[in-house]
Amino acid sequence: MAKPTPLSGFPELLPEQRFVEQQVIDTLRRTFELHGFAGIETRAVEPMDQLLRKGETSKEVYVLRRLQEESAEGHAGIGLHFDLTVPFARYVVENAGKLEFPFRRYQIQKAWRGERPQEGRYREFTQADIDVVMKDELPFHFDVEVARVMAEGLSGLPLPPLRLRVNNRKLIEGFYRGIGAADPQTVITIIDKLDKLPEEQVAALLVSDAGLSEQQAAQCLQLATITTSDTTFVERVRALGVQHELLDTGLQELAAVIDGCSAVRSDRFEVEASLSLARGLDYYTGTVFEIYMVGYEFLKSVGGGGRYDALASDGRSTYPGVGISFGISRTLVPLMSRGLLAADRKVPSTVLVALVDEESRPESDAIASALRSRGISCEVAVSAQKFGKQIRYAERRGIPFVWFTNADGGHEVKDIRSGEQVAADPATWTPPNEDLRPQVLTVSTSSTTEEI
RNA sequence: GUGGGUAUAGCUCAGCUGGUAGAGCGCCGCCUUGUGGUGGCGGAUGUCGCGGGUUCGAGUCCCGUUACUCACCCCA
């Protein structure tokens, strides 16, 4: 077979990279479960009408068709999901009778989109979602909870610092209504373009498309400039002198989220109220989130979410929800391809048991078994090459220890990093804790290497 | 979908106005006789993306094609 070329948009990781991804997934899972979130996995496919509702036609859905289908158009009408929210909403309705509400769930799975790939944007990618869904009415404190849980999970990851930006749809909609905007939804859509278009252009759009006066447009932009890492945004909004009931509610809610996140705030995880944040999607009704990776703003948001008053509906009941998703592939793949993130070994093995000759393989296997029985990953040398070659084999893979057996049956273990070799007993020898598993190495922008 | 760029050894890349395919790193062997890394010496690398054309002769020029890649759009 000729050497296959990589498929654009379908990233594959090397073992030392996959280890990091797996570790990230494990960390998130542990945090989510610590907070009582139950894991689910939904099927990879959904009916096309589910995928295409809410005008999501821009998502470039991959359609599934059997090879033996009679005609190209005769497919079953199913496609791969492009996010985890749509399948989750369907799952909730389908299993409403069996689920307990409020239902906290996490879901770490792949999703697919046919859009043109670019750094940080792939056709097959993994994301981690948490959501809380309720029947009829979802208490507001869950908005605070999902932010806190995701923040806690992400803070434990070997990533550059992250920034959670929070805003509230009620706040901005109330503000826009308060200044007399007739079509707040259009204003929101235009304001969302602030990070792409210069202010003047956004102002012009507000006048031409949203029917605002120049005075009103200026007020909207003034609101959008407000960014604070505490609740002082409330005073600054008040100072603009706009009055509306919805604005009051929004201010109160956003302040509650910002306050509620104070415990998870650190130098590796920033939380800010950002009143320019709108998110283009129209189904958000209150809190909205976006996550950015500091120093990697060109990737755009690496996570996002918010509250939906109608996440799902079965005609009789509506199911409001609030959640956040985080792009695992989106953050990890760019870091890895730049060589900034990988494990320090290509294999899990902590020890390579050397082989004296083929006849003594059972002895080497026995040593390996003794080590494994105590949780130490190890492998036996492939063949009885010269010890120098066996050591080199370990070195290439990053295996830190090589185990030797003397002619008289004594045992010695060598730390090939230091060269130190000491007598050891397979029944009791234990490596330093940090050598038991591969370590994640990150290279920060100041190009210092640190272990996390 | 629109517009650029690229395709040569395992990797990163050179290869001029057409004339027998190159470097660095890595890999293998020996120096080193069963304990690696540093050093010295030696060695192997290849459908020059694919197809066609021009030419005595094409990695090089022309046409086509495929893949990759960057930007726009959009999002995790």
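Rounding to whole angstrom units, CH2 of residue A:Trp112 and C1' of B:rC74 are separated by 20 Å. Rounded to whole Å, the distance from NZ on A:Lys386 to C1' on B:rC28 is 13 Å. To the nearest angstrom, P of B:rG36 lies 17 Å from CD1 of A:Ile399. Here B:rA76 presents its P atom at 10 Å from OH of A:Tyr292, a figure rounded to the nearest Å. The distance from atom CG of A:Leu7 to atom C1' of B:rU69 is 14 Å, rounded to the nearest whole Å. Spacing between atom CZ of A:Phe298 and atom P of B:rA76 amounts to 17 Å, rounded to whole angstrom units. Atom CD1 of A:Ile291 is separated from atom C1' of B:rA76 by 10 Å (rounded to the nearest Å). Here the C1' atom of nucleotide B:rA76 and the CD atom of A:Glu21 are 13 Å apart, to the nearest Å.
B:rG10 sits 25 Å from B:rG5 when the C1' atoms are compared, rounded to a whole Å. For B:rU8 and B:rG4, the P atoms lie 22 Å apart once the distance is rounded to whole Å. Between the C1' atoms of B:rU32 and B:rU38, the separation comes to 13 Å (whole Å). Comparing the P positions of B:rU45 and B:rG39 gives a spacing of 25 Å, expressed to the nearest Å. Spacing between B:rC31 and B:rA14 at atom C1', rounded to whole Å, works out to 33 Å. Look at the P atom in both B:rU6 and B:rC61: the space between them is 11 Å, to the nearest Å. Taking atom P on both nucleotides, B:rA7 is separated from B:rU17 by 16 Å, rounded to a whole Å. As rounded to the nearest Å, B:rG26 and B:rU12 have P atoms that lie 15 Å from one another.
Heavy atoms of A:Ser329 sit nowhere under 4.0 angstrom from any nucleic acid atom. A:Val402 comes within 4.0 angstrom of nothing in the nucleic acid, heavy atoms only. At a threshold of 4.0 angstrom between heavy atoms, the contacts of A:Leu355 include nucleobase atoms, whether or not backbone atoms are also involved.
Put simply, CG on A:Asp192 and CG on A:Asn167 are 10.5 Å apart, with the number rounded to the nearest 0.5 Å.
Mapping A:Tyr122 and A:Ser8 onto RNA chain B by nearest heavy atom places A:Ser8 at the nucleotide closer to the 5' end. Along RNA chain B, the nucleotide closest to A:Asn406 and the one closest to A:Gly304 are compared, and the more 5′ of them pairs with A:Asn406.
In terms of phosphate contacts, A:Arg396 brings no side-chain nitrogen or oxygen within less than 4.0 Å of OP1 or OP2 of B:rG36. Contact annotation: A:Arg123 does not reach the phosphate of B:rA76 (side-chain N/O to OP1 or OP2, under 4.0 Å). Between A:Lys110 and the phosphate of B:rA76, there is no side-chain N or O to OP1/OP2 separation shorter than 4.0 Å. Taking 4.0 angstrom as the limit, A:Arg330 places none of its side-chain polar atoms (N or O) nearer than this to OP1 or OP2 of B:rC74.
You'll find a donor-acceptor pair under 3.5 Å spanning the side chain of A:Gln421 and the base of B:rU35, going by distance alone.
At a cut-off of 3.5 Å, with distance as the only test, a side-chain donor of A:Thr42 or A:Gln107 sits close to an acceptor on the other residue.
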Worksheet, complete the sentence: Under the rule of Watson-Crick or G-U wobble with both distances under 3.5 Å, where | means paired to another strand and [ ] a crossing pair, RNA chain B maps to (((((((..((((.....[..)))).(((((.......))))).....(((((..]....))))))))))))....
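Nearest to the side chain of A:Ile391, among B:rA76, B:rU35, B:rG29, sits B:rU35. Of the candidates B:rG36, B:rU33, B:rA76, B:rG36 carries the atom nearest the A:Glu395 side chain, counting heavy atoms from C-beta on. Among B:rC74, B:rG29, B:rG36, the nucleotide with an atom closest to any side-chain atom of A:Lys389 is B:rG29. Closest to the side chain of A:Phe404, from the set B:rU35, B:rG36, B:rC68, is B:rU35. Nearest nucleotide to the A:Glu115 side chain, out of B:rU35, B:rA76, B:rC68: B:rA76. Which of B:rG36, B:rC74, B:rC73 sits closest to the side chain of A:Gln118 comes down to B:rC73. Set against B:rC70, B:rC74, B:rG29, the side chain of A:Lys193 has B:rC74 as its closest nucleotide.
Remark: A:Glu434 does not engage A:Arg437 in a salt bridge, criterion side-chain N to carboxylate O under 4.0 Å. A salt bridge links A:Lys170 with A:Glu253: at least one charged nitrogen is closer than 4.0 Å to a carboxylate oxygen.
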Item to complete: Under the side chain to side chain contact (heavy atoms under 4.5 Å, CB included) rule, what do A:Leu212 and A:Tyr176 come out as? Steps first, then yes or no, please.
Response: CA-CA 10 Å; A:Leu212 299 190; A:Tyr176 302 149; over 6 Å; no
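In this structure, the side chains of A:Arg163 and A:Glu297 come closer than 4.5 Å at one or more pairs of heavy atoms. Proximity of A:Leu14 to A:Arg18: side-chain heavy atoms (C-beta onward) are nowhere separated by under 4.5 Å.
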Hey, can you pull the donor-acceptor pairs under 3.5 Å for the side chains in residues 30-37 of chain A, sequence neighbours left out?
from	atom 1	to	atom 2	distance (Å)
A:Thr31	OG1	A:Thr27	O	3.0
A:Glu33	OE2	A:Arg29	NE	3.1
A:Glu33	OE2	A:Tyr106	OH	2.6
A:His35	NE2	A:Glu152	OE1	3.0
A:His35	NE2	A:Glu152	OE2	3.2

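Taking every heavy atom of both residues into account, A:His411 and A:Asn406 meet most closely at N-ND2, 4.5 Å.
B:rA76 has its base stacked against the ring of A:Phe125, the centroids being under 5.5 angstrom apart at an interplanar angle below 30°.
For A:Glu358, the CD atom sits in a packed shell: over 12 heavy atoms of surrounding residues, nucleotides or ligands are nearer than 6.0 Å.
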